[in-house]
There are 4 protein chains.
Amino acid sequence: MPSNDDILDIATAIFADKGFEGARMDQIAKAAKVNKATLYYRIGGKEALISAVLKRLFSAKVARLEQALETIDDVEERVRAFAATLVDGDHPEQFSAIMLREVAAGGRNLPDDVLPLMGRLVGALERTLSQGVDEGRFKPVSPFLTHMLLLGGCALYATNAPIRRRVAAQAPGVASLKTELPLEDVAHALADLLLDGIKKT
Amino acid sequence: MPSNDDILDIATAIFADKGFEGARMDQIAKAAKVNKATLYYRIGGKEALISAVLKRLFSAKVARLEQALETIDDVEERVRAFAATLVDGDHPEQFSAIMLREVAAGGRNLPDDVLPLMGRLVGALERTLSQGVDEGRFKPVSPFLTHMLLLGGCALYATNAPIRRRVAAQAPGVASLKTELPLEDVAHALADLLLDGIKKT
Amino acid sequence: MPSNDDILDIATAIFADKGFEGARMDQIAKAAKVNKATLYYRIGGKEALISAVLKRLFSAKVARLEQALETIDDVEERVRAFAATLVDGDHPEQFSAIMLREVAAGGRNLPDDVLPLMGRLVGALERTLSQGVDEGRFKPVSPFLTHMLLLGGCALYATNAPIRRRVAAQAPGVASLKTELPLEDVAHALADLLLDGIKKT
Amino acid sequence: MPSNDDILDIATAIFADKGFEGARMDQIAKAAKVNKATLYYRIGGKEALISAVLKRLFSAKVARLEQALETIDDVEERVRAFAATLVDGDHPEQFSAIMLREVAAGGRNLPDDVLPLMGRLVGALERTLSQGVDEGRFKPVSPFLTHMLLLGGCALYATNAPIRRRVAAQAPGVASLKTELPLEDVAHALADLLLDGIKKT
DNA sequence: TATGAATGAGTGTTCATTCAT
DNA sequence: GATGAATGAACACTCATTCAT
């Protein structure tokens with residue numbers, strides 16, 4: 001019998017793939033190998049399932065992020081670690097896909113108690129950037145805009161593989177579409193690209 | 001009697017708001033003030049409506065983009081114009097929302113004849129960047145990754161206003177969440193942030 | 001294709017038999033020979049169906065009642081006509097069953113616009129009784145209590161046939177259970193019983 | 001741990017309020033503060049619960065009725081006591097509501113062993129009336145119809161308070177709706193109304 | 001061309017009941 | 001005897017789509 005956590009794993013995968021509106025409770029129950037009524041007994045309904053998935057997803061991401069930054073002193077490394085953590089974990093594209101859809105939906109499904117987590121996400125980068133400024137190594141840039149670039153760039157890259165491949169197959173001219181790099185390297189590269197603009201020369 | 005283009009306008013707005021799965025044909029017909037059967041008669045069905053919306057959306061965006069770049073010589077200005085065009089138009093958040101959702105969905109709904117448009121989007125930036133390199137003004141950076149950052153940053157910012165406000169209301173500590181700038185200024189700022197890293201010193 | 005009125009006929013019969021909670025929309029659709037979705041398209045949902053049935057039921061009863069009283073001058077005859085009308089019509093037990101259940105339910109399902117009809121029901125009897133008093137033929141009795149007796153007695157008798165027969169079969173001793181009279185005779189007898197107490201001697 | 005009798009108390013209240021079809025085993029278990037599985041273990045299921053409630057309800061009513069009549073000799077007083085007993089007890093509206101619904105349902109849920117109780121209910125009144133005839137005080141009237149009037153009038157009045165108030169609020173014209181008397185006075189008044197018609201002058 | 005009406009196949013949810021311990 | 005967890009079968013309602021006119 002799958003645990004509630006197993007159910008959330010399955011639901012996360014399906015929500016990432018189909019979106020909240022497109023996902024079917026039947027399908028989730030079947031994929032999780034629990035009776036649909038059991039799914040309702042244990043979780044409580046679609047809305048509760050969505051909330052639980054979002055909460056777990058963002059909690060875990062923020063926890064890993066704060067943990068990662070804890071042990072790193074160098075501000076440049078911190079920025080790189082930030083980007084890397086955005087796309088780490090077992091199914092990095094799930095976090096990205098759900099986050100992108102939820103942003104597009106205006107956060108309609110975000111429970112109030114998940115919002116502070118998003119604040120901590122921005123806050124972590126904000127502190128890193130101001131520390132860099134204090135150390136005389138970073139120019140003073142808008143933390144929120146930097147966050148948008150990094151998060152948007154990482155999330156978009158993490159989820160656009162299927163489109164990229166289709167476009168690449170159709171448009172042999174655009175060379176830059178063809179490279180397939182590990183997500184981790186891409187996060188590093190994206191961070192470096194940004195850092196080049198942020199660092200004081 | 002609304003024209004097909006009027007219908008696509010309405011459909012675009014609703015798809016941006018609710019997603020393809022969340023949008024209802026009833027609602028679109030009602031909002032467009034056409035009979036539901038007429039909607040089917042003129043457009044052909046939900047899938048056809050989605051295709052038409054996506055095609056028109058990306059055609060228009062690419063057209064405006066290429067037109068904008070046509071008249072600009074300076075490579076830095078071209079990058080800024082690129083960002084600005086990503087968020088211009090009457091309802092910039094609609095393009096962003098639909099694009100983000102579609103990327104998250106793996107491009108499931110993108111008709112084949114829309115794919116070349118995405119290639120042209122990347123291609124336009126790629127040419128600008130390589131021109132900058134040729135002119136000795138840009139470092140050689142990955143055009144696709146740059147594209148991810150710029151597109152992701154702009155689209156995320158263009159759609160995250162509702163969430164940003166909720167987070168800002170709950171987390172008075174994070175100062176950078178509070179600023180509310182016009183989208184076009186933000187696009188400009190994001191481009192500058194990136195340009196700082198791309199430009200040769 | 002059955003008309004909406006045909007559907008209400010069927011729904012009334014099923015509601016009378018099973019109660020609102022016990023009736024199933026599937027069953028009503030099937031019995032009315034319309035597709036379930038058609039039932040919803042035409043009526044709007046269970047609550048709307050209940051409201052429509054209640055409204056039509058009480059409208060018709062009050063209309064027939066007021067029409068019947070219109071042409072009768074003699075106050076005793078008016079009381080008898082009142083009782084007779086309570087149990088007239090094609091399926092008198094349906095009105096009685098639905099009314100009894102609804103009273104037991106505290107009028108939970110009675111739409112606001114049906115309430116005035118109930119007022120007219122009581123009002124019609126009230127006017128008749130006070131006319132009888134004015135004419136010096138009736139003692140002054142509480143119209144509402146009289147209404148309770150007459151309505152309760154008629155409705156109970158109109159619906160209790162199945163129980164009465166079962167009890168009669170089991171209890172051969174109770175002679176008065178065995179008589180099976182036409183409903184309209186019973187209404188007449190009930191009215192006479194009451195009139196005996198109301199009439200001035 | 002609540003006794004089975006406590007459970008039946010709760011079930012009776014909920015059945016009276018919601019009807020058998022509208023009542024939920026979950027709700028009953030929760031209100032009775034027993035585990036749902038315990039409810040099944042101790043009572044046996046919804047049908048058994050309904051049977052138990054009906055049996056206890058009618059047993060108690062008949063017992064109180066026969067006990068009340070036992071000590072009264074005067075036939076008029078007996079009729080008044082009959083009416084009074086119909087609406088006595090802790091929650092008189094519960095008996096009335098359940099009885100009305102069950103009559104409307106054609107006695108579908110009445111177990112065979114409850115039927116004799118209904119016979120004794122009618123029988124008690126029948127004996128009183130024939131005694132009155134024997135004593136030369138009552139006219140010979142149908143005991144069953146008299147029973148219908150008295151039981152219907154009392155039960156209807158005992159349960160229609162919510163509707164009466166709503167109607168009264170909407171129809172200020174109908175004066176007789178406004179009086180709010182104790183149930184026991186009403187029973188007395190209803191009995192008197194009937195007695196006036198039954199008594200020999 | 002346009003549309004009011006109709007519908008097969010879902011869709012989220014509930015409920016009486018049963019298990020395993 | 002008692003119970004937390006599980007479930008098959010409904011159940012009210014919806015939706016993209018199609019007809020008939």
Side-chain angles (χ1 to χ4, degrees), chain A residues 1-4 7 18 20-30 32-50, chain B residues 1-2 4 7 18 20-30 33-50, chain C residues 1-4 7 18 20-30 32-50, chain D residues 1-2 4 7 18 20-30 33-50:
Chain A
M1 174 76 44
S3 70
N4 277 18
I7 293 175
K18 305 282 174 75
F20 295 139
E21 299 273 1
R24 303 298 166 214
M25 293 299 275
D26 284 54
Q27 187 196 1
I28 292 168
K30 198 173 176 186
K33 284 169 193 159
V34 290
N35 185 287
K36 195 165 33 141
T38 304
L39 178 59
Y40 276 85
Y41 176 75
R42 303 231 298 225
I43 308 290
K46 195 174 188 180
E47 215 171 311
L49 181 56
I50 292 174
Chain B
M1 170 78 45
N4 279 17
I7 293 174
K18 305 280 173 78
F20 296 139
E21 300 275 0
R24 306 293 168 221
M25 293 299 275
D26 282 58
Q27 188 197 1
I28 291 168
K30 196 174 177 186
K33 285 167 192 163
V34 290
N35 184 284
K36 202 182 0 165
T38 305
L39 176 61
Y40 274 84
Y41 179 75
R42 303 227 303 226
I43 307 288
K46 195 174 189 180
E47 216 170 310
L49 181 56
I50 292 173
Chain C
M1 173 76 42
S3 69
N4 278 17
I7 293 176
K18 305 283 174 75
F20 295 139
E21 298 273 2
R24 305 297 167 214
M25 293 300 275
D26 283 53
Q27 186 196 1
I28 292 169
K30 198 173 177 185
K33 284 169 192 159
V34 292
N35 185 286
K36 195 174 21 152
T38 303
L39 177 59
Y40 276 85
Y41 176 74
R42 305 231 298 225
I43 308 289
K46 194 173 189 181
E47 214 170 313
L49 182 55
I50 292 172
Chain D
M1 170 81 41
N4 278 17
I7 294 175
K18 305 282 173 76
F20 296 139
E21 298 276 358
R24 306 293 168 221
M25 292 299 274
D26 282 56
Q27 188 196 358
I28 292 168
K30 198 175 176 184
K33 285 168 193 162
V34 291
N35 185 283
K36 203 184 355 166
T38 305
L39 177 60
Y40 274 84
Y41 180 75
R42 302 227 303 225
I43 308 288
K46 195 174 188 179
E47 215 170 311
L49 181 56
I50 292 173

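None of these values were measured; they are calculated from a predicted model. Per chain, numbering begins at 1; letters A, B, ... match sequence-line order.
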Residues A:P2 and A:A32: closest non-hydrogen pair is CG-O, 3.0 Å

Nearest heavy-atom contact between A:R42 and A:N4 is NE-OD1, 2.6 Å

- [ ] Check the pair A:R24, A:I28 against side chain to side chain contact (heavy atoms under 4.5 Å, CB included), reporting the backbone distance first and the verdict last.
- [x] CA-CA 6 Å; A:R24 303 298 166 214; A:I28 292 168; over 6 Å; no

### Derivation of the side chain to side chain contact (heavy atoms under 4.5 Å, CB included) call for C:K18 and C:Q27
CA-CA 11 Å; C:K18 305 283 174 75; C:Q27 186 196 1; 3.3 Å; yes

Review point. Reckon C:A23 touches a base, only the sugar-phosphate, or nothing at all at heavy-atom distances under 4.0 Å?
Key: sugar-phosphate

Expected list for residues 38-46 of chain A near DNA chain F, using heavy atoms below 4.0 Å, is A:T38, A:Y41, A:R42

Inspect the contact between A:K46 and A:E21 and indicate whether a charged nitrogen and a carboxylate oxygen are less than 4.0 angstrom apart.
-> no

Between the CD1 atom in D:I43 and the CE atom in D:M25, the distance rounded to the nearest 0.5 Å is 8.0 Å

CD1 of A:I7 to CE of A:M1, rounded to nearest 0.5 Å, is 8.5 Å

Walking DNA chain F from its 5' end, the first of A:M1 and A:K36 to be reached, judged by nearest nucleotide, is A:M1

Result for 5'-nearest mapping on DNA chain F, choosing between B:M25 and A:P2, is A:P2

What is the distance from [atom1] of [X] to [atom2] of [N], rounded to the nearest Å?
X	N	atom1	atom2	value
A:N35	E:dC15	CG	P	16 Å
A:N4	F:dA5	CG	C1'	11 Å
A:D26	F:dT7	CG	P	15 Å
A:I7	F:dA5	CD1	P	12 Å
B:E21	E:dG12	CD	P	11 Å
C:K30	F:dA12	NZ	C1'	17 Å
A:I50	E:dG12	CD1	C1'	11 Å
B:K18	F:dC15	NZ	P	10 Å

Is there a side-chain contact between A:R24 and the phosphate of E:dG10, meaning an N or O under 4.0 Å from OP1 or OP2? no

Stem ranges of DNA chain E by first residue number, counting only runs of at least 3 Watson-Crick or G-U pairs under 3.5 Å, come to E:2-21 with F:2-21

* Asked: Does C:K36 reach the side chain of C:K30, with side-chain heavy atoms less than 4.5 Å apart?
  -> no

